[in-house]
A.B. asks: 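One structure is given below, represented as structure tokens, and several questions about it will come after.
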Amino acid sequence: FHTNNNCHFNINYETLIKSCATQENYKNSVIIDGSYLAGVIEGDGYITITNNRVILGITFNLKDLPLARLLLAKLGQGSIVKRSGNSVELRFHAKSSLLTIIDLINGEFKTPKIVRLHKLIDFCNLKYSLSIEKKPLNINNLNSNYWLSGFIDADGGFYIRYSPSSLNCKFYLEQRMIYPKNNESYGPLFENIVKYLNAKLGIRKRLHSSNSYYIIRVENRLSCLSLIEYLDKYPLLSSKHLDYNNWKAAFNILIS
């Protein structure tokens, strides 16, 4: 396990899973990339600082409990809590875990949530007499690392619609338009993702919510091929990897 921002996990998942005799061997084979972890946290994570105590949490669908356990094993002391509904929450608050996570994700954030990361760094610098640099937003190209894979594992979804007369493959990526902690927009980031994937950007309101959300739609041939090219290079780690395999197989049937 490496704690620098440049480590990567170049994995052929099917081969790896077949070759690993035990789950523990699989855990030892995976290296967590800082850009991937940043994407997951920016999608479904939070950082709270109250009464001289920090909690860094990430929410997962219950079917992604294996991923939560993998991250816990890799990132150090923490806990997994069952939440109401069909989800679990991975939580870190120990000094060693927080410093490991900061080392991985500092300089990898791309969203307005960076204000919470900077507050966490301020907290650790003051509490532990450190001098960790607060790195700015990462503006590297999306196709340069695993960040988008992490963000998709948090907020993306693959869909296949079939009828006797048609077959449609679609992908959606959704996030709120404004981050409430600083009222900054996710717009510039989502425009970059849309441009990279040759996709469509829409806006919608969820029922029973006052928030508006950006939604990226990948549904034409060119945008699907762009997404496939990226995810074949930077694979997903959650159960969505299996969804993607089925989605890609259906798309290949469609274009053939």
Side-chain angles (χ1 to χ4, degrees), residues 23 27 30 32 36-98 100-102 104-105 109 111-117 119-120 123 147-160 170-184 186 190 202-216 236-244 246-247:
Q23 184 179 18
K27 288 181 179 179
V30 178
I32 300 302
Y36 173 87
L37 183 60
V40 171
I41 293 172
E42 291 185 273
D44 270 339
Y46 68 89
I47 300 169
T48 62
I49 304 173
T50 56
N51 299 324
N52 205 34
R53 174 180 169 86
V54 171
I55 297 178
L56 190 156
I58 310 172
T59 302
F60 297 90
N61 188 285
L62 185 59
K63 65 182 179 181
D64 288 323
L65 179 59
L67 175 57
R69 287 173 173 165
L70 173 65
L71 293 178
L72 179 59
K74 292 294 184 179
L75 298 175
Q77 185 178 349
S79 60
I80 298 174
V81 179
K82 178 69 171 68
R83 297 182 58 182
S84 58
N86 195 33
S87 65
V88 296
E89 191 170 285
L90 175 61
R91 295 176 181 172
F92 297 99
H93 55 80
K95 173 185 175 181
S96 58
S97 298
L98 293 175
T100 295
I101 294 170
I102 289 172
L104 280 167
I105 66 178
F109 267 40
T111 75
K113 275 189 180 180
I114 194 171
V115 298
R116 301 307 298 169
L117 173 59
K119 284 187 178 295
L120 173 61
F123 174 88
W147 183 90
L148 185 56
S149 288
F151 202 61
I152 289 172
D153 263 342
D155 290 328
F158 298 89
Y159 301 89
I160 302 169
K170 298 182 180 182
F171 167 82
Y172 296 101
L173 181 62
E174 186 174 353
Q175 181 58 264
R176 58 188 160 191
M177 295 178 65
I178 302 295
Y179 184 53
K181 298 294 184 181
N182 58 5
N183 291 319
E184 289 191 13
Y186 282 81
F190 268 64
I203 297 173
R204 79 178 182 92
K205 278 196 171 185
R206 287 183 176 177
L207 294 176
H208 314 299
S209 173
S210 60
N211 297 321
S212 296
Y213 290 77
Y214 285 118
I215 181 167
I216 292 175
L236 302 171
L237 274 181
S238 75
S239 61
K240 290 177 185 176
H241 176 71
L242 304 178
D243 297 339
Y244 167 69
N246 291 334
W247 180 87

A.B. asks: May I have all residue pairs that pass salt bridge (charged side-chain N to carboxylate O under 4.0 Å, His left out) and include part of residues 40-54, sequence neighbours excluded?
C.D. replies: none
A.B. asks: Please find the pair of heavy atoms, one from Tyr179 and one from Arg116, that lie closest to each other, and give the distance.
C.D. replies: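 What the structure gives for the nearest pair is OH-CG, 2.9 Å.
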A.B. asks: Apply side-chain contact (heavy atoms from CB on, under 4.5 Å) to residues Ile41 and Lys113 and explain how you reach the verdict.
C.D. replies: CA-CA 9 Å; Ile41 293 172; Lys113 275 189 180 180; 5.6 Å; no
A.B. asks: Counting only N and O atoms by type, is there a donor-acceptor contact under 3.5 Å from the side chain of Lys170 to the main-chain atoms of Tyr159?
C.D. replies: no
A.B. asks: Locate the shortest heavy-atom distance separating Ser97 from Gly76; write the atom from each residue and the value.
C.D. replies: OG-C, 3.3 Å
A.B. asks: If you measure from CD1 on Ile215 to CD on Gln175, what distance do you get to the nearest 0.5 Å?
C.D. replies: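 Between atom CD1 of Ile215 and atom CD of Gln175 there are 12.0 Å.
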A.B. asks: With a 4.5 Å heavy-atom cut-off, do Leu120 and Ile101 have their side chains touching?
C.D. replies: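 Answer no - side chains too far apart.
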A.B. asks: Can you tell me how far the CG atom of Leu104 sits from the OH atom of Tyr36, to the nearest 0.5 Å?
C.D. replies: 13.0 Å
A.B. asks: Distance from Ile58 atom CD1 to Asp153 atom CG, nearest 0.5 Å?
C.D. replies: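 One finds 11.0 Å between CD1 of Ile58 and CG of Asp153.
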A.B. asks: Using 30° and 60° as the class limits, which term best fits the ring planes of Trp147 and Phe151: parallel, tilted or perpendicular?
C.D. replies: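 Because their plane-to-plane angle is under 30°, the rings of Trp147 and Phe151 count as parallel.
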A.B. asks: According to the salt bridge (charged side-chain N to carboxylate O under 4.0 Å, His left out) rule, which pairs have a member within residues 75-90, sequence neighbours left out?
C.D. replies: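 Every pair satisfying salt bridge (charged side-chain N to carboxylate O under 4.0 Å, His left out) with a residue in residues 75-90: Arg83-Glu89, Glu89-Arg91.
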A.B. asks: Taking all atoms of both residues into account, what is the closest heavy-atom pair of Ala154 and Val40, and its distance?
C.D. replies: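 Closest heavy-atom pair between Ala154 and Val40: CB-O, 3.9 Å.
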A.B. asks: Looking at Ala94 and Gln77, what are the two nearest heavy atoms and their distance?
C.D. replies: CB-OE1, 3.6 Å
A.B. asks: Walk me through it: do Phe60 and Leu71 pass the test side-chain contact (heavy atoms from CB on, under 4.5 Å)?
C.D. replies: CA-CA 11 Å; Phe60 297 90; Leu71 293 178; 3.7 Å; yes
A.B. asks: Could you tell me which non-hydrogen atom of Leu236 sits nearest to which non-hydrogen atom of Ile152, and how far apart they are?
C.D. replies: CD2-CG2, 3.8 Å
A.B. asks: What's the shortest heavy-atom distance between Phe92 and Leu72, and which atoms?
C.D. replies: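 Heavy-atom minimum between the residues: CE2-CD1, 3.9 Å.
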A.B. asks: Does the pair Tyr213 and Arg176 meet the rule for a side-chain contact (heavy atoms from CB on, under 4.5 Å), with working shown?
C.D. replies: CA-CA 4 Å; Tyr213 290 77; Arg176 58 188 160 191; 3.7 Å; yes
A.B. asks: When you measure from the side chain of Asp64 to the backbone of Ser239, do you find a donor-acceptor pair of N or O atoms at a distance under 3.5 Å?
C.D. replies: yes
A.B. asks: Could you check whether Phe190 and Tyr214 have their ring centres less than 6.0 Å apart?
C.D. replies: yes
A.B. asks: Spell out, as yes or no, whether a donor-acceptor pair under 3.5 Å connects the side chain of Lys181 to the backbone of Val115.
C.D. replies: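 No, Lys181 side chain to Val115 backbone: no donor-acceptor pair under 3.5 Å.
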A.B. asks: Is there a side-chain contact between Phe171 and Ile216 (heavy atoms, below 4.5 Å)?
C.D. replies: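 Of all side-chain heavy-atom pairs linking Ile216 with Phe171, none is under 4.5 Å.
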A.B. asks: Is any side-chain heavy atom of Ile47 closer than 4.5 Å to one of Lys119?
C.D. replies: no
